[in-house]
Amino acid sequence: MDPVLLQADQLPSWTALAPALALAATGLVLIAVDSIDPDDSRPALLAGIATVGSLASLGFAGWFLSAGTGQAGTGGAIALFGDALVVDGMALFFQAVFASVTALVVVASYDYLSDHPYRAEFYSLVLFAATGMALMAAANSLAVAFIALELASLPSYALVAFLKRNAGSVEAGLKYFLIGALSSSVFAFGISLVYAATGSLLLPDVYDALAGGVEGLTGVAAVGILMVAGGFAFKTASVPFHFWAPEAYEGAPAPVSAFLSSASKAAGFALAFRVFVVGFPLDAGIDWVLLFQVLAVVTMTLGNFAAATQEEVKRMLAYSSIGHAGYALIGLAAFTGGAGGDVIGASMAHLLVYGFMNTGAFLFVALAEHWEIGRTFDDYAGLASRAPMASVAMSVFMFSLAGLPPFGGFFSKYFLFMGAIDAGFWWLAAVGAVNSALSLFYYSRVVKALWLDDAVGEFELGSTPTALYAAVVFAAVATLLLLPGFAPVIETAQSVATTIIP
Amino acid sequence: MIIEALIGVTFLAALVVMLAPDRYAGKLAFALSLLPVVGSLYMWAGFDAGGNALMAGSIAYETQLDWLTVAGYDLQWFVGVDGISLPLVVLSTVLSSLAIVSAWTPIDTRQSQFYGLMLFMEANLLGVFTALDFFLWFVFWEAVLVPMYFLIGVWGGPRRKYAAIKFFVYTNIASLAMFIAFMALVFNLPVGSFGLPEITQSLQAGELSSFVGLDPATLKLAAFAAMFAGFAVKVPVVPFHTWLPDAHVEAPTPVSVMLAGVLLKMGTYALLRFNFTMLPDVATRPLVATVIAAVAVVSVIYGAMLALAQQDLKRIVAYSSVSSMGYVILGLIAYTGLGIGGATFQMVAHGLISGLMFMAVGVIYNVTHTRMVGDMSGMADRMPVTVGILVAGAFGYMGLPLMAGFAAEYFIFQGAFASTVIPSAPLFTAASMFGIVIVAGYLLFAMQRTLFGEFSLETDYEVRRAHFHDVAPLAVLLLCTIALGVAPNIFFEMITDAIEPVVAVVGGGA
């Protein structure tokens with residue numbers, strides 16, 4: 001196969017947005033199909049369309065990545081719409097992550113929603129949110145960044161509250177919406193302050209203006225950057241805007257929790273990496289690397305300690321997800337300019353692995369919710385004797401999240417910490433390693449419950465939800481295969497991360 | 001490619017057995033486990049390496065493939081064996097097969113998962129003993145913990161959950177300490193690789209640079225201490241031994257066999273490879289050598305005395321492992337050809353003999369449902385063959401000539417006695433020799449009360465002889481023990497060959 005499959009001069013340049021467009025088109029098709037005969041639910045057809053759409057998006061992203069579209073080898077990033085969007089390796093990498101998580105979640109939802117009306121609406125909301133995330137990864141202008149963020153967030157609010165007869169789900173949706181609206185306004189205000197100081201919304205122009213010195217407006221720019229960081233902290237569930245996360249993840253339908261905690265969080269990081277690295281020079285009136293160091297340490301420590309004290313598996317996963325946001329923040333916290341590509345690439349690779357292992361873990365919770373066996377660790381006791389394959393998969397997710405070597409999570413964490421050490425922040429890596437060791441305690445509680453504890457009472461699992469089961473097992477296989485296949489992942493991530501550094 | 005085949009076949013076997021129906025799982029696992037046995041014996045037959053793999057010696061069955069490069073560091077699929085690792089590879093495959101047979105009687109639930117995990121553990125053990133890239137090695141090293149956790153936690157005795165978690169947490173924290181220490185070394189070396197040979201040679205060429213205010217010598221000392229502590233938990237030496245009796249007593253017999261027979265050797269193997277081969281200049285500092293020798297002697301004596309105080313046969317064997325592994329540490333720190341060679345030989349010998357003892361205790365337990373010394377007596381009347389082999393094994397443990405244990409201990413004592421590294425070496429050696437007396441004491445005492453005399457065991461079931469397939473693995477182990485005792489050169493020659501370069505660095509004698 002020709003190594004250069006697609007370049008700007010071979011196809012119209014807008015086709016570079018195919019991964020995002022595929023998601024958006026699928027969402028629209030779902031609405032169209034449903035509006036032909038709204039009373040007929042056709043679950044298999046709807047799930048099938050959504051799956052095909054997300055796999056098509058994954059296919060486009062994977063194809064473009066391997067073909068070198070928008071990367072240094074083939075003429076560099078493709079800029080579209082007056083530079084407001086760029087398609088480069090980093091955007092494609094993240095789009096691949098979102099598309100794979102979306103595919104897993106869509107497949108898993110088929111069984112989870114079996115008695116539920118409004119399936120078409122559910123799938124199209126998921127796909128529209130994914131479209132927003134795909135655009136977040138490609139946003140090169142603060143205005144587009146804001147719109148993409150809102151496009152990802154608004155469907156998410158509805159998805160969290162999707163179980164409208166369930167008080168927990170509705171309350172979670174409301175909390176998520178209120179804090180989301182607040183942080184959106186903080187983010188928007190931050191953007192306007194940056195614009196006021198620099199006179200541009202395009203990230204490279206912002207960078208040049210800030211690097212050239214903004215006379216008398218340094219303080220304004222600094223406050224703006226601080227507020228923009230706050231907006232990201234919300235989206236990535238980092239301290240201090242994290243407290244919506246446990247509530248939302250717990251109340252939401254479990255596939256939605258999986259979607260939010262994996263894809264949505266990765267989208268927040270995709271945007272954060274680009275905005276800070278491309279848009280804000282290191283000495284732009286505020287030392288944002290220091291800011292992220294503080295955020296990273298506090299976020300991972302708080303998330304892990306809170307996770308260790310939970311009694312419910314879903315809440316534990318929610319807090320551990322905050323902890324993992326802290327690890328991913330190392331990408332920015334150990335950024336040192338020129339050679340920072342390695343550590344950002346390591347963060348990206350971690351988010352990819354996390355996409356599989358964390359989605360899988362939440363989908364296992366979805367499985368447990370489907371069987372109605374309860375939420376606490378004790379309720380999971382002895383489940384392995386009834387559902388051995390799913391329990392093996394869950395054990396893989398737990399050990400991988402804890403960072404034990406045979407699994408993908410070990411490598412992604414290792415490269416993250418090594419990147420931090422290489423950048424000279426060995427104490428950051430040390431905090432991460434200690435947190436990682438601590439996390440083994442609460443992750444192994446799930447494994448202990450599944451395999452070692454005897455069931456408290458008899459439980460009937462009922463039917464085996466095929467699609468959900470398949471999604472869980474597939475995520476486990478992917479988590480395992482990421483270990484021998486980690487070479488292309490980390491190499492791609494680090495090379496595409498290097499290209500965005502100005 | 002034989003090593004890849006060995007590891008790959010064992011992994012596949014684990015998968016196949018995992019999916020097999022419970023009724024056939026045990027037999028199928030045994031049949032499949034013979035493949036790695038044949039493979040390892042084939043490796044031994046065609047073994048032609050010389051010198052130490054880490055110190056520019058030639059490596060047998062070597063494969064070196066690039067895996068990934070990150071931040072200037074090459075990670076490789078780098079495997080191979082030298083005279084130190086090959087005996088342990090053979091030990092792992094043989095003992096795994098025998099342990100699987102010994103599980104046929106006691107394991108009666110979730111068999112396919114049990115045997116699958118046993119094979120999965122074997123595959124990772126083979127990886128530990130053959131990997132020559134630190135990263136690859138560490139992946140296998142940690143992967144051993146996962147099956148062990150389940151094997152103890154699911155099939156173990158009444159306090160299995162406590163024992164499994166204690167084992168897991170102890171050894172995992174130890175691994176973390178070791179991992180960080182090793183990374184601190186590698187990051188400050190000019191080699192862009194995790195290959196153990198490159199790292200060893202660079203360290204010995206004095207290319208270590210200083211790090212966060214620590215000069216190279218201090219950094220080495222700190223790394224040595226952290227790595228020693230990490231491996232010492234695995235060995236285990238006093239005072240890091242407390243997880244071991246719990247794990248052993250709660251684990252089912254076949255798992256105890258693997259734990260004592262092979263898993264403990266991971267610790268001493270790693271000590272030899274990492275601490276004593278890579279950082280000989282730290283180990284030979286008089287103070288460090290004294291501390292390590294003292295720790296070894298305390299492990300020998302204290303472990304033996306703890307064994308003396310036990311009422312449970314399995315606990316006796318478990319504590320005696322602490323004692324025997326103390327000899328290994330003493331041999332390693334001696335830094336003489338006989339000392340380190342004897343220590344390596346003792347790893348194999350102890351693997352065979354402790355496996356034999358655990359299996360024999362397990363066979364008795366299957367029949368009598370008790371392991372308490374006070375509950376039974378005169379077992380020799382009811383199960384003469386098993387008891388005969390147990391007594392022979394115990395004599396091997398005590399160091400009866402023409403048994404593997406004698407050869408190993410003799411080498412270690414002679415090597416330690418002549419050591420120029422340990423200050424007042426004869427004193428330490430003499431002190432450790434008291435261990436032999438205590439070993440003989442507790443073994444004879446326990447045997448005399450349980451095996452001989454009038455048969456008296458209050459039961460409401462019939463106490464009958466063991467199955468053939470229970471006794472056969474014992475016989476095989478006894479034969480191996482005697483073979484190694486009569487002809488230590490089966491392994492000792494290749495071990496010595498691989499040890500010489502290590503000893504030469506510190507100028508130690510034979």
Side-chain angles (χ1 to χ4, degrees), chain A residues 339 341-343 345-346 349 382 384-385 388-389 391-392 395-396 398-399 402-407 410-411 414-424 426-427 429-430 433-434 436-438 440-441 444-445 447-454 483-494, chain B residues 18-19 65-77 109-110 112-113 116-117 120 123-124 127 135-147 149-156 160-165 168-169 172-177 179-180 183-184 186-188 194 211-212:
Chain A
D342 280 349
V343 68
S385 58
M389 277 316 282
S391 302
V392 168
S395 311
V396 168
M398 292 296 108
F399 285 140
L404 281 195
F407 308 106
F410 164 68
F411 256 156
Y414 170 73
F415 283 115
L416 203 49
F417 297 157
M418 185 159 103
I421 292 173
D422 264 3
W426 60 269
W427 54 269
V434 169
S436 229
L438 171 72
L440 184 63
F441 163 72
S444 66
R445 277 184 77 186
V447 178
K448 173 174 170 286
L450 289 176
W451 293 93
L452 309 191
D453 291 347
D454 297 320
L483 177 71
F486 206 71
V489 171
I490 186 79
E491 280 160 16
T492 310
Q494 296 194 329
Chain B
M18 202 80 89
L19 299 171
L65 296 171
D66 279 341
W67 183 9
L68 53 154
T69 304
V70 179
Y73 286 89
D74 292 330
L75 272 57
Q76 296 166 326
W77 172 269
T109 51
R110 292 154 87 174
S112 54
Q113 288 167 13
L117 286 170
F120 180 68
N124 287 308
F135 234 94
L136 190 64
W137 176 85
F138 189 73
V139 168
F140 285 124
W141 171 271
E142 286 288 276
V144 170
L145 297 185
V146 176
Y149 173 73
F150 289 117
L151 285 169
I152 297 176
V154 175
W155 289 274
R160 57 182 182 270
K161 288 172 209 164
Y162 170 77
I165 288 170
F168 199 67
V169 170
N172 198 56
I173 290 174
S175 299
L176 188 71
F179 185 81
I180 291 171
M183 284 297 138
V186 175
F187 281 140
N188 296 293
F194 286 107
F211 177 64
V212 288

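Just so we're on the same page: letters track the sequence lines, and every chain starts at 1.
For A/Leu404, the part sitting under 4.5 Å from any heavy atom of chain B is the side chain, from C-beta outward, and nothing else. Proximity to chain B is limited to the side chain of A/Phe399, based on heavy atoms less than 4.5 angstrom apart. If you measure heavy-atom distances from B/Phe140 to chain A, you find no contacts under 4.5 Å at all. Contacts of A/Phe410 with chain B are made by side-chain atoms alone, with heavy-atom separations under 4.5 Å and no backbone atom involved. In this structure, the portion of B/Ile165 lying under 4.5 Å from any heavy atom of chain A is its side chain and not its backbone. Of the atoms belonging to B/Val146, it is side-chain heavy atoms, and not backbone ones, that fall under 4.5 Å from chain A.
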Worksheet entry | A/Lys448 and B/Phe168: CA distance, side-chain angles, deciding distance, side-chain contact (heavy atoms from CB on, under 4.5 Å) verdict | CA-CA 12 Å; A/Lys448 173 174 170 286; B/Phe168 199 67; over 6 Å; no

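Rounding to the nearest 0.5 Å places CG of B/Asn172 at 14.0 Å from CZ of A/Phe441. Here the straight-line distance linking atom CH2 of A/Trp451 with atom CZ of B/Arg110 works out to 6.0 Å at 0.5 Å rounding.
Between B/Phe138 and A/Tyr414, the gap from one ring centroid to the other reaches at least 6.0 Å.
In plain terms, the two heavy atoms of B/Leu176 and A/Ala433 that are nearest each other are CD2-O, 4.4 Å. The minimum heavy-atom distance linking B/Ala164 with A/Leu452 is given by the pair CB-CD1, 4.5 Å. The shortest non-hydrogen separation linking A/Ser444 to B/Tyr149 is O-OH, 3.8 Å.
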